[in-house]
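Notes to accompany the following structure.
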Amino acid sequence: MPFKENRKLDDRINLPETEERCKKFWAENNVYAYDADRPREETFVIDTPPPTVSGSLHIGHIFSYTQTDVIARFQRMLGKTVFYPIGWDDNGLPTERRVQNYFNITCDPLLPYEPEMKFTHDEKDETPRKHVSRKNFIEACEQLTAADESVFENVFKNIGHSYDWNIKYTTIGRQSIKISQESFIDLYNKGFIKSIESPTMWDTTFQSAVAQAEIEDREIPGFFHDINFRLADSDENITIATTRPEFLPACIAIVAHPEDERYKRFFGKKAIVPLFETPVEIIPSEHAEKDKGTGIMMVCTFGDAADVAWWKASGLPLKQIVGKNGRLLDITFGEKPFVSLDSNKANLAYREIAGLETREARKVIVRLLREAGALKDEPRPITHTVKFYEKGNKPLEFVTSRQWFIRLQDKKDMLTEAGRQIKWKPQHMQTRYEEWVKGLNQDWCISRQRFFGVPFPVWYKVDDKGNADYDNPIIAEKSQLPVDPMTDVPQGYTEEQRGQANGFVGDKDVMDTWATSSLTPQIALSYGNSDKLSLPFDIRPQAHDIIRTWAFYTIAKALMHENTIPWKEILISGFILDPDRKKMSKSKGNVVTPQNLIDKYGADSVRYWAAKARLGIDTAFEENVMAQGKKLVNKIFNAGKFVFNIVEKSALNGCSDYAGYICEPTDISWQNKMSATIAQATKFLQAYDYAGALEVIEKRFWDFCDNYLEIVKKRAYADGEKSAIASLMKTIDLFLRIFAPFCPFITEEIYQTRPWDVNNRQSVHAGGWPQADVDQDDRRHEKLYDIITEITAEIRKAKTEANLSQKTGVKSVTVEAPEEILAQLRPGSIDIINVGSLEEEALILKTGSELKVTDVILAVNEENECA
RNA sequence: GGGUGUGUAGCUCAGUUGGUCAGAGCGCUGCGUUCACAUCGCAGAGGUCACAAGUUCGAGCCUUGUCACACCCACCA
């Protein structure tokens, strides 16, 4: 039901119908389409965050995305064309995990493709995970993300976000893959990308490398084990505390603090690793702390990140004992680098743990140590923090593997400088960014040993012995993109040569999802078909939890590719917190879904709630604010309807050019107020302070309903006075426009049904933000409105205190004020008489030092109230 | 250990450069309201603005310190 010519406003507010009508109207009239022909200066460019498609939309999304929409709508109403894309971040591990759980499948790249395979969701499916081929798995991902994305799209449309749905991308889409691969090739050619074999943080469940930014610490229970190491050439023992005794076979050294008197005399000597009889040197190191554990520790490859750093510095050989599946590798003592004074004994011990998961191996080692008498005391339970992949449920291991890295550590200064060229709102968020850059201690590992992602556009030559040459990759030609090296063939080769001696193999890894989402500006531009736009965009809106990932990586990529900043300003939104001020939990999020709230309060009210919160401030979830929004929406509707009723019965019905009729002093004074409010709101919105703008607009609106409307009611309604009616028309026109960015539905509904401007049925959102030129206003009666409301308040108070109706008549009111005030007041006397139900001649004006209402004598009795 | 933010009425939050800044909404209390709106109106009570010291004629606002809470990073044998 689109808006028809001369449609009348409903008698009662009906939000669901209003919302449907508006959505249809906007879609049919392309109200939010970006105009690629307009020049850059007339364009507002937004780098919209593509939400992760791995479940349902959270109320937090609605919160921050709505704040951006308010800004977008304001800019559009200013007359700009708004480049406002929308995308879905659907590639990567989170999606794979959801697909695995949802369809109860797991990917086995060795299986053949089954073209007929279908996927269904069964809540009660308790059978073991079904193994499917890589291609089938990707199809399952595509199926589920497509379904999820259409749900997301509906919610965003229901809440009234004004994206240009023609500029819609997915990070797994063909175009995104192409741009992501181009990015890889560009960085490779610039020498910013390297592939190296190195210890990498590894999730054994997903069997993939993960990046520094994807790690989180978790407190888990564990044990301290005090293990005795025999000293070589001595009967003495030293006791070493460790939480990971299963790493004994990978021990490469013992370290203690150089100033530790207990161990100073041992430096340079050798200790013997129990069970495995490996001699290791005792070395001083600043890293060791005297008062932790026993003060002396073993270094293994690799129990934790400190081991990695220490190993790199030491130059000692690498003893990798944990495999990619998280199980202990099959190694043999006596072969390099696993030296032992007694290889038979060592191998006997190791055979007990080979093939076990690290946790199981730990238990076995403890038993063996106990049997060998090398365990000083029984293990002591502790709680310690361990690194996890944020989406994983097993601790990370350090596994040596070949990975692609983007060099960032040598660009810290440039990255910091780029951050300084961007305006951060709030400002302190820039500090967070800088601290993150300062603390970078790894390059960016972008390869993931997964399936649903952007493939590396890379193959490797295979030599005559069948070994791949990883140091000299074959990089795809740009004209070939997008490519999948597992099915596409490098130039100069044929498919028959795949995997053959003197042939080639494809790189089977995919990229980290951030490697693609860090290119959202470039991807959006490619979908936008614009030759007028380039980096930097105007704004990037996002939350503060992904400063270290999305913001950081986007800045890094823009710097490396275009040598510029990606956006001029970055607006950091806060979080929605549980009422107990913790981060909103999933369980809660499932109950309070955005759609439920839209259904309950209406889209405009949910938007009102979002727009009330300041940038960067975390806010507790408070449904009351939505109820408040609903009251406002209702009030806007009723005020509109009331004014329409007045206009329809008046001589100004159907009149478009009403402004010239506004001539009465009180009306002119009120319009001064409106101008001031518009000026304030405009200033706030230009500074992206949508909450500040909403506050002043809302305040003025309630003032309008409570005071001005009451003041002019009689003149407009009973007297049919044109000045009052025209002033009401103008006021409604102005409020509809300045509320439009916040409450797009109700404002459009009323705007389209005005009994004036009937030939102008453009969307209220298509432009027309009011100009507040206060300097051109007629300021002769500037103070009058405030004087009237002040006196009115005193009269109302007198009635309230007498427990009487506001309709009670007034016999006399005495106002004392300086002559200057009285001069302003006199032309508006009639309005005080009207609004206060004063009898004729009841208003007595006296000269005094300041404005004061001294006597209010009510008509019902002779009670005299002193104000 | 390093960094950032927050602490203002019972609750959720505003308080822009120090001078009507002690506020709003909700909640609470009282009263009113047939005629735009009970999704209403009018009014009221409620706060040593975390604490302490300092700067100033004057401090929620600036400085220093303390406490509490939250988030990020580092360390985690």
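Keep in mind it's a predicted model, so treat the numbers as computed, not measured.
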Roughly, in whole Å, what's the span from CD1 in I576(A) to C1' in U12(B)? 11 Å

Give a yes/no answer on whether the side chain of K797(A) brings an N or O atom under 4.0 Å of OP1 or OP2 in G30(B). no

Measure from CH2 on W702(A) to P on G25(B) and round the result to the nearest Å. 10 Å

If I take atom CD1 in residue I617(A) and atom C1' in nucleotide G15(B), what distance separates them, rounded to the nearest angstrom? 12 Å

For H544(A) and F575(A), I'd like to know if the aromatic rings sit close, meaning centre-to-centre distance below 6.0 Å. yes

Measure from the side chain of T619(A), starting at C-beta and using heavy atoms only, and say which of C31(B), C13(B), C72(B) lies closest. C13(B)

Face-on cation placement of R754(A) at Y751(A) ring, 6.0 Å and 45° thresholds: yes

Rounded to whole angstrom units, what separation is found between the CG atom of L632(A) and the P atom of C37(B)? 17 Å

Closest-nucleotide ordering on RNA chain B, the 5'-leading residue of E710(A) and A613(A): A613(A)

Can you tell me the distance, in whole Å, between the CD atom of Q628(A) and the P atom of A14(B)? 13 Å

Is G32(B) in the syn or the anti form, by the rule that syn lies within 90° of 0? anti

Atom CG of L804(A) and atom P of A43(B) are separated, to the nearest Å, by 15 Å

What's the closest nucleotide to the side chain of K387(A) if the choices are C13(B), C76(B), U4(B)? C76(B)

Do Q542(A) and S64(A) have side-chain atoms, one donor and one acceptor, less than 3.5 Å apart? no

Within this structure, what is the CG-to-P distance between N441(A) and C72(B), rounded to whole angstrom? 17 Å

Would one find a side-chain N or O of K631(A) under 4.0 angstrom from OP1 or OP2 of C37(B)? no

Once you round it to whole Å, what is the distance between C1' of A74(B) and CH2 of W310(A)? 21 Å

